Structure formats: structure tokens, C-alpha cells
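Report on the following structure.
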Amino acid sequence: MALLDRIFAGADAVYGLTVGAIDDAIAKYGEEKAIAFPDTAYSLPIYYGVTGTKVKTLGELKKATETLKALNTREPQLHDGLMSGVATALGAEFLEVLKYIDNPTPYEEPCSGHLPDAIIRDMGVPLVTGDIPGVAVVVGTAPTADEAAALIKSYQEQGLLVTLVGGCIDQAIEKGVKLGYGLKVVPLGKDITAVAHVVSVAVRAALIFGNIEPGNANGLMEYTKERVPAFVNAFGPVDDVTLTAGAGAIALGFPVITNDSNNIDAIPQTLIVQPEVDKFNATSLEARDIKIKITKIDIPVSYASAFEGEIIRKADMQIEADGSRVDCFEFVQMKDLNEVEDHKITVVGKDFDEFEVGEKISMGIIAHVAGKAMQSDFESVFERKFHSFLNCIEGLMHTGQRDLIRVRVSKDTFNQGFRAKHIGEVIYAKLKSEYDTVIDKCEVFVYTDADQVNDLRHNLVIPTFNARDARIGNMTDESVDEFYTCILCQAFSPSHVCIVTPERLGLCGAVSWLDAKATHELQPNGPSQIVRKDHCIDEVVGRYEEVDEAVKKYSQGALEHVTLYSIMEDPMTSCGCFECICGIEPMSNGVVIVNREHVGMTPIGMTFSELASMTGGGVQTPGFMGHGKHFIASKKFMKAEGGLERLVWLPKKLKDEVADAINKTAKELYNIDNFADMIADETIAEDGETLFNFLTEKGHPALNMEPMM
Ligand code: SF4
Ligand code: NI
Ligand code: NI
């Protein structure tokens, strides 16, 4: 079979290149020279995933090429061709890591090269919710730049994450396609070996979320095939090396679609020839079975999750509503069915074209919703979604929430006809489509009249917020009869179950008890199920018969016992997408917490990535626990081990964010004033001894507590 011969030829070529480049590097730096990709705990990720061995020096890398050789069997069967493809992915990874010797940033904007673990964790929730329905890997140079740009934009508008390798990067730049992770279009690099960086993401997803044992190559390939919705678009003419890389993709379960009709023998469902580039999108989605959530919204610009991370600079803005300077708010209010006229959008005040360019305006958005199953508790759940609803509009930036929002509309978007009523259209369409089982009718008001916004803000909106806060602030785990499960992340972590309580939100930080309750109402058979709490076994560690039953049932027996308030005794599992990780710091009897955004070292001697790799995939790891930011100041945080008093270190930014809440809790629980000042951060200590000295000087309470281990 000619196809196999070409694959083997490509694999041989890559093998030769890899060995040559490693020999050159050894001649220059010596065998002991350290090699690694930055910001990952799995270096080198593909090799580690496939073989279970970590490679740390050039000498070890040289030795690892024996694996490549062994995989290149040249037996004339498809399986052997695919394994040669895996060898090529490994070779590409080896060639790429050489670029990082003595240079943490070998890639220049806009190319990313290696992607950090944090991005993979960040993608966890949007991938399971379908907000990122898939990952497109676009390789090579399209027949024309217009076709490249059109293809990339088509995926972007559907919300897919698009990674680019090779000539299509320059074509995208030429056509002004906006690039960057925030816009879901990530140019990896211009050499074909840069595909290693997306393969690396897929492999780490299996290790992080899937609890796949490193070295279990079959388990790994099964995981990526079943759970990583990726595919490849390779522009012809496809050379032997690219073809072999494609075989590697196929081995991972990712179909390859190419327009190279002269040179390629197709394999049904996996290696597909589609001569017309403008049909790549449809062919690819069908081959990978990716379904796109479509909401038809009547606005003059594009609407897609790809625009969520878009930033609009001052010079580019037509109008701005800034809640920190003028009255602004967004607000959802439950009404009776007969009080709401469905799909009515009312603008009160001047429209965008009646303001000066760049003018700062007041803006209030009110949605009236009604439905038989609606509850007032859902108002805040829906309201919080405005942020992502509005951010997905091309050329509109939204930050903040409640009466501290900021909205910018770009000149481009304004010039395409975007006006105040379109904000109402988006809110209407999204609320109705996402919450159709609860919202029967929805009516939206957009206020731009400063006096009316001021009046509504002070007389309706703020008093309502205060009442809601009082209700939720008083809500404790004891004050409710039910907790909820969340198993959304099982799409990636098949045995992970979050138990969500009023005082312990989901570890991703995105699912509060109210969210889980609303989810249950909306999808009675969905990811959030009621967990009664009638039979408490141990109040201190938070052990309930019903919680154990629920985790056993929903983890398909993988878990038997989970406590809600202990990090040592049957702690809750993690999937991988946690906002923070908490781990024991033995010298102080305390714990450190580090959030995903923090890239520096912690006093435990591990970074976020390294700590995070200690737990995940739905397994219990006493001493380590993933959790949401809001859990830190909860009175239930590690209550079994003494609680918040154990906290000795936080990254500075996170500490500033949660300081008020921490101080309040510590005052109530332990009568300590300004507890946040006793907690170290990276500006104070990045090692255990400096930390210990600081804590001693401050008289930190953890020092006198029982050892945790
Ligand atoms: Fe995943 Fe837990 Fe968040 Fe649900 S609450 S989305 S299972 S992390
Ligand atoms: Ni129910
Ligand atoms: Ni998750």
C-alpha cells in the first residue's frame, strides 16, 4: 500500500532528523544538559504519557529515541503505520524541546509554541459544557489566504478552539484574522513539528482529567479518541512527514481531512479527502461527530464564544458604560406571567448613535422573566450569565457584574449597525434558549437615560441585591435540607463527582449551590442531582450516609466515601479544572493555597502545575485538594483540621482578592483581627524556612496546632 510506504518514509525522515539534532545538541551542551518545557508538570508530556518515563536531560532524550526506533516497525499493516505516526509525534516533541534549551521563550508573538498546563485546566469546563465544542488543528498553507481565513473564522464563529501550524499562520495574519488564546485561535508554530504542542495538550488532558496512568499507551489513545473532540485539516500537497504526523493524529482518534486528492489514498472516516476547502468545516464536524449549539440572534455582528476574551481599547470604542464612574447595572427580576410581554425589547433614553464618539454613558439592563417553574433564587443565577452572553458579541466587551459592570462597544461594531436594542436581543435569545424549561416569557429593557438609571439603581436594584445577599449570606450547610451533585466533568474525568453545598461551591468556582439547584430544576435528569442529608455520620469531617451513597452511585463504584470538610480523611476528589489547589506545608503544620494564574514557586517547593499534578482524575489524595476561590473564606474550609487557621501562604494577588472575606471569617471563628496579615505570600517567602520565620514573628496560630500528618 503506497500510503503505508509514504508514512514509513516520513517516520524514517523524522527519526533521522531527531537523532541528528540531539547528537548536535549533545556535542554542544553535553549529555547532562537539562531539557524541559515550561509550566508543565508532565515534561516531556507526549513521551511521558506514552511510556511513563520522564525525560530530563539530553542524554535521556538520546536514549528515548530507541522508543521511536522500536515503534517504526515497517510491518505492512495499518496499525504499524499509525504507530509510526506516534513515533513521529514523539520525534516532533523532541525536536521542539531542543528549541527551549537556554531559552524559555523561543517562540515569538503571535506563535505560542508549548502551551502551559494551566490552559488545559482552563479549557476543562467549556469543553464539557460544549462552549468549546471541539478543537481544530489546521496544518499547512491553504490554496489562497482568503480560504484559510474563511475556514479559521468559520470554526471561530462556532466556538471551536483553532490551532494553526505552518503557512496558514501567515495567511491568517495577512487577512487580519485576530489571533490569541482569548480569541480561540492559537498559532502554534510555523514548522510542522509544532503539531507536537497540540498533541501534548491532548495527552495531558488524559493525564490531568482522565487519571490515565502514564505509560498506558492504549488507555491514553482510547481516552483521546473517546473524549478529546479534535480533528486535523491538512492542506495539500501533503508531504511524507506531514502525512506521518497525520497518522499520529489518527492513532489518537483524530480524523484528518485534506484537499490533496492526487496523493492520498483515503481511509473511510479517518483519512478523508475533501477537495473543496469551503467544505472542510462541515466534513470535519461530521467526521468527528461534533454538534454545534446554534442560537439564532438577530444582531448585525457575529456572535460566538471566541469573542469572549476580546479586548476593546479606548481608541477603538464608540461608547462606554463604566459602573465605577456612573450609574450602571444589570438585573433580572421574576414577574408573573401576565406581567411580561415575550420578546419585547424597550430602549429608554438615547440610542448609541445619539451619543458622542467615546462618550461615557449610563446603562441599566433589566430582564423580566416569568415561568411556572421560575423561582426568585434563579434571578442571580441568570444575571451572572449576562457577562458571557454579552461578551460573545463581536466588538462588545463586558466586565464585572451587578452594578459594577463595564460595557464597551467598538466603533467597528457600531458602524455595522449595532445599537442598544441589540443588547436586549442577545439577553432575550440567550435566556430563552439556555433556560427554556424555566423561562416561558422574557422582556428586556435597556436604559441609557442617566436619571432613570440612577433612580432604578438606588430604589430597586441595590435594595434587591442587599436582600439577596442577606439571604445567601445566612445560608449554611445546616440551613438547607439538600446538597447537590455535579458530574459535568465526567465527560473528562469519568469517576469524578463534586458535592456542592451552600458553604462549598464546586471546585471549578463556577457552580454554587444555587447554580446546582437551578441546574437540577432545568434538567431533572442532568448533572446535578439532589443529595438528601438526613443521616449525618460525623459532623466535624462532614460525613453523610447519603453523600457516600451518591458518590458511590455517580462514580460507578470508584469511590466509597467522601467527606465534605476534611483534606486528610476521604477528601473530595478533583477532576482537574480546579481554581486553586491546597496542599500541606509540613514545617508549619499549615497549608498553602495557590491559584491557577500564579506561575511562581510555593514554599512547598512546587509550582501550581506540580502541586496540581498530585491530584485530579477523580482520585482521592489526602493532603491535597482542589477547590474554588470562594471556598477559602468558608467556615467549612478544612473544618476537620481546624479550618482557615491552618492557612499560612497565598499568592499576593489572591490574598488581596480574598483578604476581607478571610478577615471576617477568622474574626468570627477565632477572634483574630486582620488574619490576612499573618498569611505569607511570594513577596515574603518562597521557601519553607523563610516562611517559618515569618509565621513565628507573626505568631501564626498554625504553629501551635496538632501536626496534620
Ligand atoms: Fe466540574 Fe465540579 Fe465544576 Fe461541576 S462543579 S463543573 S463537576 S468542577
Ligand atoms: Ni427534582
Ligand atoms: Ni472539571
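Everything numeric in this text was worked out from a predicted model, so none of it was measured.
Residues passing the side-chain hydrogen bond (donor to acceptor under 3.5 Å, both in side chains) test with K350, sequence neighbours excluded: none. For the salt bridge (Lys or Arg N to Asp or Glu O under 4.0 Å) test, no residue two or more places apart in sequence or in another chain qualifies with D660. Partners of D673 by salt bridge (Lys or Arg N to Asp or Glu O under 4.0 Å), not counting sequence neighbours, listed by chain and number: K667. Applying the side-chain hydrogen bond (donor to acceptor under 3.5 Å, both in side chains) test to D449 and every residue at least two apart in sequence or in another chain returns nothing. By the side-chain hydrogen bond (donor to acceptor under 3.5 Å, both in side chains) test, E668 pairs with K635, sequence neighbours left out. Contacts of S112 classified as side-chain hydrogen bond (donor to acceptor under 3.5 Å, both in side chains), with partners at least two apart in sequence or in another chain: none. The side chain to side chain contact (heavy atoms under 4.5 Å, CB included) test applied to A149 returns K175, V177, not counting sequence neighbours. In this structure, D436 has no salt bridge (Lys or Arg N to Asp or Glu O under 4.0 Å) partners at least two apart in sequence or on a different chain. Judged as a salt bridge (Lys or Arg N to Asp or Glu O under 4.0 Å), and not counting sequence neighbours, D451 has no contacts.
Between F414 and F352, a ring centre-to-centre spacing not shorter than 6.0 Å is recorded.
Ring geometry for F631 against F637 counts as perpendicular: the plane angle is over 60°, on a 0 to 90° scale with 30° as the lower cut.
When side chains are defined from C-beta on, K430 does not count as touching C392, because their heavy atoms never get closer than 4.5 Å. A heavy-atom distance below 4.5 Å is found between the side chains of L188 and L115. The shortest distance between side-chain heavy atoms of S634 and R504 does not fall below 4.5 Å. Contact of the F386 side chain with the V332 side chain is registered, since non-hydrogen atoms from C-beta on lie closer than 4.5 Å.
Summarising the geometry, atom CD1 belonging to I593 is positioned 10.5 Å from atom CD1 belonging to I581; distances are rounded to the nearest 0.5 Å. Taking CZ of R406 as the start and OG of S324 as the end, the distance is 6.5 Å to the nearest 0.5 Å. Note: L647 CG to I632 CD1 = 7.0 Å, rounded to the nearest 0.5 Å. Distance check, rounded to the nearest 0.5 Å: CD1 of I132 to CD of Q158 gives 13.5 Å. Atom CZ of residue F378 and atom OG1 of residue T519 lie 8.5 Å apart, to the nearest 0.5 angstrom. Taking CD of E157 as the reference point, atom OG of S302 lies at 3.5 Å (rounded to 0.5 Å).
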For this session: Given side-chain hydrogen bond (donor to acceptor under 3.5 Å, both in side chains), test N595 with E657 step by step and report yes or no.
Result: CA-CA 12 Å; N595 53 319; E657 220 177 298; 5.7 Å; no
Exercise. Passes side chain to side chain contact (heavy atoms under 4.5 Å, CB included), V444 versus L431? Steps please.
Worked result: CA-CA 11 Å; V444 186; L431 279 176; 5.8 Å; no
Exercise. Would F382 and M374 satisfy side chain to side chain contact (heavy atoms under 4.5 Å, CB included), going step by step from the backbone distance to the final call?
Worked result: CA-CA 11 Å; F382 300 161; M374 179 65 197; 3.5 Å; yes
For this session: Dump the intermediate steps for side chain to side chain contact (heavy atoms under 4.5 Å, CB included) on C486 and D515, then the final yes or no.
Result: CA-CA 10 Å; C486 182; D515 293 313; over 6 Å; no
Problem set entry | side chain to side chain contact (heavy atoms under 4.5 Å, CB included) evaluation trace for K517 with V480 | CA-CA 12 Å; K517 184 175 171 204; V480 298; over 6 Å; no
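E579 places a side-chain N or O within 3.5 Å of a backbone atom of K629 that can act as its donor or acceptor partner. Checked by atom type and distance alone, the side chain of T501 never pairs as donor or acceptor with a backbone atom of D477 at under 3.5 Å. At distances below 3.5 Å, at least one donor-acceptor pair connects side-chain atoms of T485 with backbone N or O atoms of P527. In terms of modelled atom types and a separation under 3.5 Å, the side chain of K655 and the main chain of I679 share a donor-acceptor contact. Side-chain atoms of N415 come within 3.5 Å of backbone N or O of K411 as a donor-acceptor pair. Judged by distance alone, with hydrogens and angles left aside, the side-chain atoms of S479 form no donor-acceptor pair with the main-chain N or O of M475 at under 3.5 Å. At least one donor-acceptor pair under 3.5 Å links the side chain of D342 to the backbone N or O of C442. At least one donor-acceptor pair closer than 3.5 Å links the side chain of K441 to the backbone N or O of V340. Judged by distance alone, with hydrogens and angles left aside, the side-chain atoms of D122 form no donor-acceptor pair with the main-chain N or O of A118 at under 3.5 Å. Although no hydrogens or angles enter the test, the distance criterion places a donor-acceptor pair under 3.5 Å between the side chain of R596 and the main chain of C577.
Residues E443 and K335 are not paired through a salt bridge, judged by the lack of any N-O separation under 4.0 Å between the basic side chain and the carboxylate.
In terms of heavy atoms, L183 sits closest to Q156 at O-NE2, 3.1 Å. The minimum heavy-atom distance linking P651 with H598 is given by the pair CB-ND1, 3.6 Å. In plain terms, the two heavy atoms of N663 and A676 that are nearest each other are OD1-N, 2.8 Å. Between D377 and V381, the closest heavy-atom pair is O-CG2, 4.0 Å. Here the closest heavy-atom approach between residue V511 and residue V500 is recorded as O-CG1, 3.7 Å. Between D351 and A420 the shortest heavy-atom distance is OD1-N, 3.0 Å.
Looking at N391 and S388, their side chains never bring a donor and an acceptor atom within 3.5 Å of each other. S305 and D131 share no donor-acceptor pair across their side chains, judged by distance under 3.5 Å alone. Between the side chains of S410 and D412, not a single donor N or O lies within less than 3.5 Å of an accepting N or O.
Within a 6.0 Å sphere centred on CD1 of I311, other residues, nucleotides and ligands contribute 12 heavy atoms or fewer. Other residues, nucleotides and ligands place more than 12 heavy atoms under 6.0 Å from the NZ atom of K636. For H630, the NE2 atom counts as loosely surrounded, since its 6.0 Å shell holds 12 or fewer non-hydrogen atoms of other residues, nucleotides or ligands.
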Please tabulate, for side-chain N and O atoms in residues 360-368, each donor-acceptor pair with protein atoms closer than 3.5 Å (sequence neighbours left out).
unit_1: K360; atom_1: NZ; unit_2: E320; atom_2: OE1; d: 2.4
unit_1: S362; atom_1: OG; unit_2: D327; atom_2: O; d: 3.3

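Residue pairs meeting the ring pair (Phe, Tyr, Trp, His ring centres under 6.0 Å) criterion with at least one member in residues 326-349, sequence neighbours excluded, are F331-F465, H343-Y428. Under the ring pair (Phe, Tyr, Trp, His ring centres under 6.0 Å) criterion, the residue pairs touching residues 107-137 are F37-H114, Y107-H197, with sequence neighbours excluded.
Just one residue in the list R408, M397, E394 forms a side-chain contact (heavy atoms from CB on, under 4.5 Å) with E310, and that residue is E394.
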